[in-house]
Amino acid sequence: MHKPIKYVEKAVAVAANAAWFVFDKANSVNQNASFTPRWSDKPLQKSWEKSKPQLGWPRETDSLCPKCVPEIRQQILDGKLPVEILSNEKVGEIKAQIIERDGKILMVKECAKHGKFEDVMSIDPAFMRHLEDVFPGRDIEAHADEHLHHHGSSTIKHGRGSVLTVDQTNRCNMMCDPCFMDANQVGFVHELTWEDIQQLLDNAVSIKPRRQMSVQFSGGEPTLSPYFLDAVRYARKVGFNSVQAATNGIEFAKSPEFCKKAAEAGLRYAYLQFDGIGNEANSHRAVGNLFDVKMRAIENLWSNGVDIVPVITIINGINNEQVGAVVRFALDNPKKIPFLSFQPVSFTGRDEAISDERRIAQRYTLSHLAHDVKNQVGLGEPIRDWFPISFMGTFSDFADLVHGPEADWGQLSCGCHPNCGIGLAVMCDKETKEAVPVTAFLHADQLAKDIARINDAARSKKWSVLGVSLALLRNYDPFHSPTHFKMSDLIAKFDKCFGMSKKAQTGEYGKVTGDRTMDDITKRRADRWNFLFIAGMWFQDLFNYDFRRTEQCIIPYATQEGEISFCAYNTGVGWRNIIEKMHMTATLTKWYDEHGKHEIFAGNKNVNLAETEHRLVLREEDVHRHRQTDLDEKGIAKTAREEKKRARDAKLADAENERMLKLYKQHVLNEQPGESLIQIGAIQPAPAKTVEREEVGSFGD
């Protein structure tokens with residue numbers, strides 16, 4: 001039985017639907033031209049002006065050969081080829097076909113030298129078609145950017161991105177598999193100086209469109225940099241309103257005081273490495289008490305005003321069964337977990353030379369994620385409730401419209417390719433813990449179309465806000481919303497996110513700008529409703545690389561050689577290896593001589609924590625779940641280290657067998673080295689007897 005207010009809200013929704021048609025008809029007459037905002041030299045785009053790459057299938061795209069690229073990269077590192085070749089030639093590029101076969105979407109390609117390659121892009125063609133169908137188009141073309149975007153085929157061409165990644169150091173206090181940057185293994189230290197950090201952040205604000213990007217300090221482990229806190233502070237100073245750290249959490253778990261200093265410097269989010277629930281689920285990282293570290297880091301950070309985003313690298317057969325446990329953890333702790341970021345594994349760094357057997361067994365796609373969330377938690381219908389994260393571009397366009405031409409920054413816009421990232425929005429009641437997908441009670445696809453029509457008309461702020469309010473109400477179904485959720489909560493949530501009203505602009509919800517205080521943080525957290533966003537971000541590797549994705553990357557890396565797509569830097573032609581070598585700080589030996597060795601937690605070593613108590617809700621069945629053993633049962637290696645060890649063991653076994661064979665020939669058959677049996681031509685084999693053929697089974701049958 002629905003609450004009486006729900007029936008009143010349904011009547012309002014019906015009335016809003018009728019009013020919308022009057023509004024829309026009036027809004028269609030004599031529409032205005034788009035204005036050019038201060039943060040761009042090009043006007044805001046109409047919906048029909050947004051470009052799109054070729055989508056659907058079968059289609060052809062530009063990709064890379066997984067064998068050619070490492071060979072050419074090594075020649076560059078060895079000085080046999082100039083680095084300029086990456087900007088002037090299409091190094092290692094081959095054509096790829098995206099096709100449907102046997103209920104899957106595949107990328108297939110062939111190199112004239114190394115043969116054929118094939119990999120899975122989706123296990124659900126209908127799901128992938130849905131993602132591509134609702135893609136609204138690319139962001140404004142990047143401009144005033146030639147000094148930073150000049151990387152040949154890998155050049156970013158669209159938008160300004162969402163998260164600028166700055167690797168402060170390649171040093172790390174862990175030794176993980178997988179590790180896309182191969183931290184602690186390259187034999188030298190690449191660590192940014194304070195002048196480097198300032199220059200990279202200054203460069204970032206010079207490109208247009210100048211969007212309100214997030215800045216994520218990464219590594220290695222960024223907290224090992226002596227300039228970590230200074231970098232956070234400076235990023236806030238130059239205007240970035242969301243400063244993040246991609247961290248394993250060790251330093252934050254060890255020291256509440258360090259968390260306080262980070263928060264005071266302006267750290268807003270900690271993107272926390274998080275593989276699952278319980279120490280067993282994290283044991284493949286080889287730190288004895290790693291889950292205790294995560295719990296303590298969350299408590300220390302949250303209590304000092306920093307929000308936490310668990311980041312889960314998902315590997316099929318290793319921890320894909322943890323998807324449900326992690327989502328339940330977020331649902332059980334709605335006051336402390338506003339965001340989950342699942343990242344299907346990218347076979348790069350230590351895993352670039354992966355065997356076909358292990359790659360096929362461990363491959364995990366965005367379609368796997370959507371189905372695992374449904375199957376393990378019972379949450380979300382893949383096609384109804386999951387959207388490409390670029391879907392939010394239409395809503396960002398609305399914010400740009402109402403903020404007007406005098407705004408210094410554009411709204412953050414996630415204009416990536418629809419094959420890059422997906423999201424499921426869940427409205428969680430912090431008091432009752434009821435959770436409902438937003439798209440179960442809000443017709444998101446139609447809402448986006450309505451808002452696009454409002455954006456295209458380019459009317460005044462008041463008129464546009466009226467239109468969006470009608471669009472929200474007419475697409476709202478109160479009978480499927482959470483029990484205590486109201487229409488007014490819906491409008492307030494939208495206002496809080498996109499700044500429609502004076503209430504949002506004057507900070508009544510709590511400011512997010514560089515001068516925010518703990519009081520602002522408390523105000524924002526007082527909201528009864530947690531808008532939990534479950535995201536999947538699938539970074540490319542050489543086996544599924546698509547340059548159409550690279551061109552519109554929203555997570556560029558800031559480097560001494562310009563800003564480079566996340567995938568082009570870490571995978572692709574491998575700019576990371578080259579740039580870090582070009583700008584290395586010192587050899588490892590010299591660094592240790594001058595600075596000493598930092599502590600590394602490996603070999604199941606425990607992190608020394610002052611306390612392990614926490615107030616997070618955990619489910620016993622998830623905490624004590626046994627480690628996943630799918631690959632053990634199939635006899636497939638789980639990590640690059642294990643795969644290399646098996647190869648070495650096999651080589652040693654072959655050598656030992658060869659040695660024993662030589663001894664047998666020498667001492668049993670009395671053969672001397674170099675001697676071989678000679679067939680005497682006069683002796684002919686006896687005629688074969690006619691016998692009934694026997695079926696002989698192989699060993700193991």
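This structure is a prediction, so every number in the text was calculated from the model and none was measured.
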TODO: First locate atom CG of N248, then atom CG of L290, and finally report the distance between them rounded to the nearest 0.5 Å.
DONE: 7.5 Å

TODO: Could you tell me whether a side-chain N or O of S218 sits under 3.5 Å from a main-chain N or O of V166, the two making a donor and an acceptor?
DONE: no

TODO: State, yes or no, whether a side-chain contact exists between F533 and V309 at a heavy-atom distance under 4.5 Å.
DONE: no

Task: Residues E434, H484; criterion side-chain hydrogen bond (donor to acceptor under 3.5 Å, both in side chains); working and verdict - done: CA-CA 9 Å; E434 182 184 10; H484 300 287; 5.8 Å; no

TODO: Quick one: closest heavy-atom pair of A270 and V306, and the distance?
DONE: N-CG1, 3.8 Å

Task: Validation row: Y509, K523 side chains within 4.5 angstrom (heavy atoms) - done: no

- [ ] Could you pull out the closest heavy-atom pair between F601 and V287, with the gap in Å?
- [x] O-CG2, 3.6 Å

Open item on the list: Using modelled atom types and a 3.5 Å cut-off, is there a donor and acceptor pairing between side-chain atoms of N304 and backbone atoms of C259?
Closed with: no

Task: Approximate separation, where rounding is to 0.5 Å, of I389 CD1 and I554 CD1 - done: 4.0 Å

Open item on the list: Given 3.5 Å as the limit, does a donor-acceptor pair link the side chain of K430 with the main chain of R525, or not?
Closed with: yes

- [ ] Go through R528 and D429 one step at a time and tell me if the side-chain contact (heavy atoms from CB on, under 4.5 Å) criterion holds.
- [x] CA-CA 6 Å; R528 175 172 180 168; D429 189 331; 2.9 Å; yes

Task: Pair F274 and F329, ring centroids less than 6.0 Å apart - done: yes

Task: Closest heavy-atom pair and its distance - I197, Y227 - done: CD1-CB, 3.8 Å

- [ ] Decide side-chain contact (heavy atoms from CB on, under 4.5 Å) for T550 and Q540; before the verdict, give the C-alpha distance in whole Å, the side-chain angles of both, and the deciding distance to 0.1 Å.
- [x] CA-CA 9 Å; T550 306; Q540 303 180 86; 3.6 Å; yes

Open item on the list: Looking at V607, is its backbone amide N or carbonyl O close enough to the side chain of K254 to form a donor-acceptor pair, meaning the two atoms are under 3.5 Å apart?
Closed with: no

Open item on the list: So does E191 get a backbone contact from the side chain of T585, meaning a donor-acceptor N/O pair under 3.5 Å?
Closed with: yes

- [ ] Let me see the working for V512 and S242 under side-chain contact (heavy atoms from CB on, under 4.5 Å), right down to the final yes or no.
- [x] CA-CA 8 Å; V512 295; S242 178; over 6 Å; no

TODO: Could you tell me whether a side-chain N or O of Q362 sits under 3.5 Å from a main-chain N or O of G317, the two making a donor and an acceptor?
DONE: no

- [ ] Show the numbers, then the answer: is there a salt bridge (Lys or Arg N to Asp or Glu O under 4.0 Å) between E299 and K336?
- [x] CA-CA 9 Å; E299 285 289 7; K336 296 182 179 179; 3.1 Å; yes

- [ ] May I ask you to check whether over 12 heavy atoms, not counting those of K335, lie within 6.0 Å of atom NZ?
- [x] no

Task: Whether D385 side chain and L424 backbone form a donor-acceptor pair below 3.5 Å - done: no

TODO: Would you mind reporting whether M392 and F387 have side-chain heavy atoms less than 4.5 Å apart?
DONE: no

- [ ] Check the side chains of Y557 and N570 for a donor-acceptor pair under 3.5 angstrom, ignoring hydrogens and angles.
- [x] yes

Task: Any pair counted as salt bridge (Lys or Arg N to Asp or Glu O under 4.0 Å), so long as it reaches residues 585-595, sequence neighbours left out - done: none

Task: More than 12 heavy atoms of other groups within 6.0 Å of K261 NZ - done: no

Open item on the list: Can you see whether T589 engages T587 through a side-chain donor-acceptor pair at a distance of less than 3.5 angstrom?
Closed with: no

- [ ] For R296 and E611, run side-chain contact (heavy atoms from CB on, under 4.5 Å): C-alpha distance rounded to whole Å, both residues' side-chain angles, the deciding distance at 0.1 Å, then the answer.
- [x] CA-CA 8 Å; R296 196 62 242 157; E611 58 178 315; 3.9 Å; yes

- [ ] Please tell me if the side chains of M427 and D489 come closer than 4.5 Å, counting only heavy atoms from C-beta onward.
- [x] no

TODO: Mind listing the closest non-hydrogen atom pair of A262 and F252 along with its distance?
DONE: CB-CE2, 4.1 Å

TODO: Side-chain contact test, heavy atoms from C-beta onward, threshold under 4.5 Å: evaluate it for P344 versus T365 and give yes or no.
DONE: no

Open item on the list: Please check: side-chain N/O of N170 versus main-chain N/O of H190, any donor-acceptor pairing under 3.5 Å?
Closed with: yes

Open item on the list: Could you check whether any side-chain N or O of D292 sits under 3.5 Å from a backbone N or O of T612, counting only pairs where one atom can act as donor and the other as acceptor?
Closed with: no

- [ ] Please report the C-alpha distance between R625 and E621 in whole Å, then the side-chain angles of each, then the deciding distance to 0.1 Å, and finally whether the salt bridge (Lys or Arg N to Asp or Glu O under 4.0 Å) criterion is met.
- [x] CA-CA 6 Å; R625 182 191 299 269; E621 64 271 23; over 6 Å; no

Task: Where L224 and N173 come nearest, the two heavy atoms and their spacing - done: CD1-N, 3.8 Å

Task: Nearest-0.5 Å distance, OG1 of residue T247 to CZ of residue F228 - done: 7.0 Å

TODO: Heavy atoms only: give me the nearest G421-C416 pair and the separation to one decimal.
DONE: N-SG, 4.5 Å

Open item on the list: Can you tell me how far apart CG (D307) and CG (L272) are? Round to the nearest 0.5 Å.
Closed with: 12.5 Å

- [ ] Assess the side chains of E563 and N203: does a donor N or O sit below 3.5 Å from an acceptor N or O?
- [x] no

- [ ] For residues F539 and I555, determine if any side-chain heavy atom of one lies less than 4.5 Å from a side-chain heavy atom of the other.
- [x] yes

Open item on the list: Between T522 and D519, do the side chains contain a donor N or O and an acceptor N or O under 3.5 Å apart?
Closed with: no

TODO: Keeping the roles fixed (side chain from N316, backbone from Y364), state whether a donor-acceptor pair exists under 3.5 Å.
DONE: no

Open item on the list: Under 3.5 Å, is there a donor on one side chain and an acceptor on the other for D167 and Y569?
Closed with: no

- [ ] Inspect the contact between D275 and K294 and indicate whether a charged nitrogen and a carboxylate oxygen are less than 4.0 angstrom apart.
- [x] no

Open item on the list: Just so I know, are the side chains of C497 and F395 near enough to count as touching, which here means a heavy-atom distance under 4.5 Å?
Closed with: no

TODO: Assign the ring pair Y269 / Y271 to parallel, tilted or perpendicular, where the plane angle (0 to 90°) is split at 30° and 60°.
DONE: perpendicular

- [ ] Begin with the C-alpha distance, continue with both residues' side-chain angles, and end with the deciding distance and a verdict on salt bridge (Lys or Arg N to Asp or Glu O under 4.0 Å) for D351 and R358.
- [x] CA-CA 10 Å; D351 288 299; R358 184 161 73 91; 2.8 Å; yes

Task: Gap separating the CG atom of N241 from the CZ atom of R236, nearest 0.5 angstrom - done: 6.5 Å

Task: Side-chain touch V189/H595, heavy atoms, less than 4.5 angstrom - done: no

Task: Gap between atom CD1 of I277 and atom CG of N319 - 0.5 Å precision - done: 11.5 Å

TODO: Determine, using ring centers only, whether W409 and F240 are less than 6.0 Å apart.
DONE: yes

